[in-house]
Protein chains: 2
Amino acid sequence: MQLDERKYRILQAIIDDYIMTAMPVGSRTISRKSGVGFSPATIRNEMSDLEELGYLAQPHTSAGRVPSYKAYRLYVDHLMKTSKLTSDERERMHEHLISRSKQVEGVIRSAANVLSDATKYTSVIVAPKLGTLRIKHVQLVPVAERTALMVIVTNAGIVKDAIIRVPEGLDADDLYGISRILTQRLADQPLEGVRQAFADLLRNAEQNRRLLGEALQVIEQRLEAGGDASDVIVGGSANLLEYPEYSDVNKARSFLSVLESKDTLRKLLGSQGSMEVSIRIGPENQVPELNDCSIVTASYRVGDHSTGTLGIIGPTRMNYNRVISVLDFMGRALSDVLSEYK
Amino acid sequence: MQLDERKYRILQAIIDDYIMTAMPVGSRTISRKSGVGFSPATIRNEMSDLEELGYLAQPHTSAGRVPSYKAYRLYVDHLMKTSKLTSDERERMHEHLISRSKQVEGVIRSAANVLSDATKYTSVIVAPKLGTLRIKHVQLVPVAERTALMVIVTNAGIVKDAIIRVPEGLDADDLYGISRILTQRLADQPLEGVRQAFADLLRNAEQNRRLLGEALQVIEQRLEAGGDASDVIVGGSANLLEYPEYSDVNKARSFLSVLESKDTLRKLLGSQGSMEVSIRIGPENQVPELNDCSIVTASYRVGDHSTGTLGIIGPTRMNYNRVISVLDFMGRALSDVLSEYK
DNA sequence: GTTAGCACTCAACGTCATCGAGTGCTAACG
DNA sequence: CGTTAGCACTCGATGACGTTGAGTGCTAAC
């Protein structure tokens, strides 16, 4: 059996309705509401076909139909009408975004809030992979006897810091000097290549070998850890509770637990590189707890090579059109704002 | 009517039971369970008295009794038996705490997780007030044409950064020089007094007046904003959903919304200075959404003058004993770990 | 091919009786 | 006189049961 024009129209009407109401959709509803001028009986026949094809399901015999994952997939790929945001909205979002743009992390945090406010779902933003950033500056600051804070500033304006031990007898001026050398040698190196650069440094360093060794270790640790919790930012985690699919406390809890596991989120969003919006519906995503959620992601750019990911997590019956528009816009806006720092 | 020994014992037994089960407690239960060897009838009489005194309440006539806020207050002040953590537990917590102690923010984040894991409630930690920290180092790092990143390192090892505009024509070396001067002049100033110090600098500065002005503005902004979202860290927000008092989705939602509002949390925890554990039960706290929660807080020290707050938010029937022990221990542990950086 | 009609299904809802945990009161007990 | 056994009473929780209504599938007529 093939899908003809009418089936498409009916399926679309069902999904549109279900997205709004979260209630199984009956033939009568479609017959009345949609522009398709057919009687309930006709619709029923079509619905029966659609069910057989795996696009619809019935919670129980005497209920209406509910779209399947397959239906959502078809919907986002072919049926959905996409719309642009009004310029008014764009403006408002952009304004919120730059309202505290003094710091990279602040911008990302605002972006998460803007996203979740605009969509009423939960937003997640992953900061750019550190490995692709370039070092701008390295500074060792004495904070105590034999202890220094190493601050690494990257080209994206992102600052990473770590406490390291330093050999005895180094005073502020020594550290200052070492910082100069480090900055000179490492400037414009991508963090990824830093191991090589450091090895060179070490080979030639007649002194302070231990200190440099420790510094290298710290930088590497940062890299392989894939960043710490602070580079996954979640916004609007309470929003999901608005939706009837989460009125079951257990579902809500397991959802919230996932949001607390930054590792899972980082894996979930992954960096898919392109600026294209990506959509994973229900079981298409790898995290079992989120198998009845959909995840829509886009990416943003910082500088030339680094990309981060921003995404929305919501029920499978989410308003894909809206979410895609918002993410698309915000991805660009975020890239613009953050690339000013470049 | 006065509370005699027996009434105390009975009240304590009721609260102990209610804390565990969250179910109204009947006379029979108390008669059987507690060491108080009296018949249900006697207990009933006493309970009736306790109710009249405002320590107990009945959800409905044929139900058991539930402790009132007044009862919890009495409980934590006089009845509760306090216990120490096992050394095993202390060790485990301490270990988790230092597991990623390379960064101040990392430590605080771990601490929040340890707290919520150990108590099964929600934890909140507020970083020290910036105003009381002292500047260790100021560094301007060029990130783009006419743009620099200003990094301020404090004595607590906390790093704050902000993008500022710089006048045209300043190259990396100029910024380096200016950083030196700034650091020289501002080192060991508390952030609070920085305005004065800066004013002096400005008066004498024959050049770069604009740049310094902007830098001052940024620092001040940081101060008056009371810090940004990143210095309030929440852990275990999903934990609360385990408890029957939050099986109502609306309650859960309003609770989670409060957790998202960092401003409210900051106000709620406030810095109460002393290392003493403070307990606010139900309506004793100022946030209406949390009027059926209790909030237990302690404080930790960074360096000599700065203090931050750590707290647990849970249902009024929380396990006060456990929570107090954990907070007390963690307050000290956190102080120790963070003061190593001093 | 479309639709009106109709019997059928089944969750949701309201009603009603039952059950039992818990109370308050009274009278008896040591 | 404090304590306790006994007892009638209250009231939420639970489950059985009938009703309602939205929705379906099938058949026959248009």
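Below, read A as the first sequence line, B as the second, and so on, with proteins coming before strands; counting in each chain starts at 1.
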May I ask you to evaluate whether [X] reaches the phosphate of [N], defined as a side-chain N or O under 4.0 Å from OP1 or OP2?
X     : N      : value
A/T42 : C/dT3  : yes
A/R32 : D/dA22 : no
A/S39 : C/dT2  : no

message: Tell me the closest heavy-atom pair linking A/Y121 and A/M318, and the distance in Å.
response: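 Heavy atoms only, the tightest pair is OH-CA, 3.4 Å.
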task: Provide the closest heavy-atom pair for A/V258 versus A/T264 in the form atom of the first, atom of the second, distance.
output: CG1-CG2, 4.3 Å
Go through [options] for me and flag the one nearest to the [X] side chain.
X     : options                : answer
B/Q58 : D/dG25, C/dT23, C/dC10 : C/dT23
B/R65 : C/dG24, D/dT3, C/dC10  : C/dG24
B/S27 : C/dT23, C/dC10, D/dG25 : C/dT23
B/R44 : D/dG12, D/dC7, C/dA11  : D/dC7
A/T29 : D/dG25, D/dC11, D/dG23 : D/dG23
A/S62 : C/dT9, D/dT24, D/dA5   : C/dT9
A/N45 : D/dC11, C/dG24, C/dT3  : C/dT3

To the nearest angstrom, how far is [X] atom [atom1] from [N] atom [atom2]?
X     : N      : atom1 : atom2 : result
B/H60 : C/dG24 : NE2   : C1'   : 16 Å
A/I43 : C/dG1  : CD1   : C1'   : 14 Å
A/R28 : D/dG25 : CZ    : P     : 17 Å
A/M47 : D/dG23 : CE    : P     : 9 Å
B/F38 : D/dC1  : CZ    : P     : 18 Å
A/I30 : D/dA22 : CD1   : P     : 16 Å
B/E52 : C/dG24 : CD    : C1'   : 13 Å
A/E46 : C/dT2  : CD    : C1'   : 11 Å

May I ask you to check whether [X] and [Y] show a side-chain donor-acceptor distance below 3.5 Å?
X      : Y      : result
B/S254 : B/S257 : no
B/Y320 : B/T82  : no
A/D16  : A/Y75  : yes

query: If we call it a pair only when both distances are under 3.5 Å in a Watson-Crick or G-U wobble match, what pairs with C/dC19?
result: D/dG12
message: Suppose we define a pair by two distances each less than 3.5 Å, Watson-Crick or G-U wobble; what does D/dC30 pair with here?
response: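 Looking at the geometry, D/dC30 pairs with C/dG1.
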query: If you find the nucleotide of DNA chain D closest to B/T61 and the one closest to B/R6, which residue's nucleotide is nearer the 5' end?
result: B/R6
- prompt: Are A/D263 and A/K267 close enough for a salt bridge, meaning some N to O gap below 4.0 Å?
  reply: no
